[in-house]
Amino acid sequence: MSAVYLLLLLVPAISAQTFHWGACPTPNVQSNFTLQPYMGKWYEIEKLPDIFGRGQCIREENTMMEDGTVQVLYSQVWDPQNHQGKRWYLEGTAKVIDPQEPAKLGVNFMSFLPNTPYWVLSTDYTDYSIVYSCKDVFGIFYFDFAWILARSPSLPPQIVDQAKQMLINEGIDISNMTPTDQSCSV
């Protein structure tokens, strides 16, 4: 009975995510990933739906800290009517989980929760990044996140198409992927 109640409690959160039965896919990550060049501002170009990213002009800014962790400043604008709303910020910390796989980071925006995977599947550091995250729930189902990020508020369509194809090739369902509006003035 308690498993049924747990699932009912999770329904509102899961409904804002991309939900699948089974275990998380394990896509390949960038093998020669280096953290330092990844620092700086990234704009969200497209994403799988997530509970936190419901605004517009979503971006993240990564800063290397002295202890080797990364300060992540995530922000978005919440006024869909006129794009003149206030920018909302959320600060978190990311760290490399295993030095043998530096493209697999864990990010945390709330200290009482476990790290969330942040896997860099591919990046050229100067134009684009493809990021994937997946959370398994008791081995029964999972919900995942995928982002196509850019150093500027837009990417050429051919790069977006290549990024999507990479996600598909890695076994990630992108049928719910949506573009992020980056036309805000704040």
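Residue numbers count from 1 along this sequence.
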Looking at [atom1] of [X] and [atom2] of [Y], how far apart are the two atoms once the value is rounded to the nearest 0.5 Å?
X: W147; Y: S133; atom1: CH2; atom2: OG; value: 5.0 Å
X: E61; Y: Y89; atom1: CD; atom2: OH; value: 9.0 Å
X: Q162; Y: L167; atom1: CD; atom2: CG; value: 12.5 Å
X: Y132; Y: W119; atom1: OH; atom2: CH2; value: 8.0 Å
X: I172; Y: L48; atom1: CD1; atom2: CG; value: 8.0 Å
X: N32; Y: T34; atom1: CG; atom2: OG1; value: 6.5 Å

field: Heavy-atom donor-acceptor pair, T123 side chain to Y128 backbone, under 3.5 Å
entry: yes

If you take all heavy atoms of [X] and [Y], which pair is closest and at what distance?
X: M39; Y: T63; result: SD-C, 3.6 Å
X: K47; Y: T180; result: NZ-OG1, 3.9 Å
X: S111; Y: N108; result: N-OD1, 3.5 Å
X: D127; Y: D124; result: N-OD1, 2.8 Å
X: V160; Y: E46; result: CG1-OE2, 3.5 Å
X: Y125; Y: R151; result: O-NE, 2.9 Å

Would you say that [X] contacts [Y] through its side chain, given a criterion of any heavy-atom pair below 4.5 Å between the two side chains?
X: R59; Y: E44; value: no
X: Y142; Y: V137; value: no
X: E91; Y: V72; value: no
X: L149; Y: I130; value: no
X: C134; Y: P117; value: no
X: S152; Y: Q182; value: no
X: W42; Y: N62; value: yes
X: M177; Y: I148; value: yes

Would a single hydrophobic cluster contain both [Y] and [X], if residues Ile, Leu, Val, Met, Phe, Trp and Tyr are joined by side-chain heavy-atom contacts under 4.5 Å?
X: Y118; Y: L73; value: no
X: M65; Y: L90; value: no
X: I97; Y: F109; value: no
X: W88; Y: I58; value: yes
X: I45; Y: I159; value: yes

field: Verdict with supporting geometry, N169 and Q165, side chain to side chain donor-acceptor pair (under 3.5 Å)
entry: CA-CA 6 Å; N169 292 346; Q165 190 59 54; 2.9 Å; yes

task: Could you tell me if the ring centre of F33 sits under 6.0 Å from that of Y38?
output: yes

Trace of the side chain to side chain contact (heavy atoms under 4.5 Å, CB included) decision for N115 with K95: CA-CA 9 Å; N115 285 337; K95 63 181 177 181; 3.5 Å; yes

message: As a quick check of understanding, evaluate side chain to side chain contact (heavy atoms under 4.5 Å, CB included) for V96 and V70, giving each step before the final call.
response: CA-CA 9 Å; V96 173; V70 177; over 6 Å; no

message: Under a 3.5 Å cutoff, is there a donor and acceptor pairing between the side chains of Q76 and Q56?
response: no

- prompt: Just by distance, with hydrogens left out, do S154 and Y43 show a side-chain donor and acceptor under 3.5 Å apart?
  reply: no

message: Tell me whether the rings of F145 and F143 are parallel (<30°), tilted (30 to 60°) or perpendicular (>60°).
response: perpendicular

- prompt: Does the pair C57 and R87 meet the rule for a side chain to side chain contact (heavy atoms under 4.5 Å, CB included), with working shown?
  reply: CA-CA 9 Å; C57 302; R87 185 162 285 281; 3.5 Å; yes

query: So C24 and D144, side chain to side chain contact (heavy atoms under 4.5 Å, CB included) or not? Walk me through it.
result: CA-CA 8 Å; C24 286; D144 61 356; over 6 Å; no

task: Please check if atom NZ in K104 has more than 12 non-hydrogen atoms from other residues, nucleotides or ligands closer than 6.0 Å.
output: yes

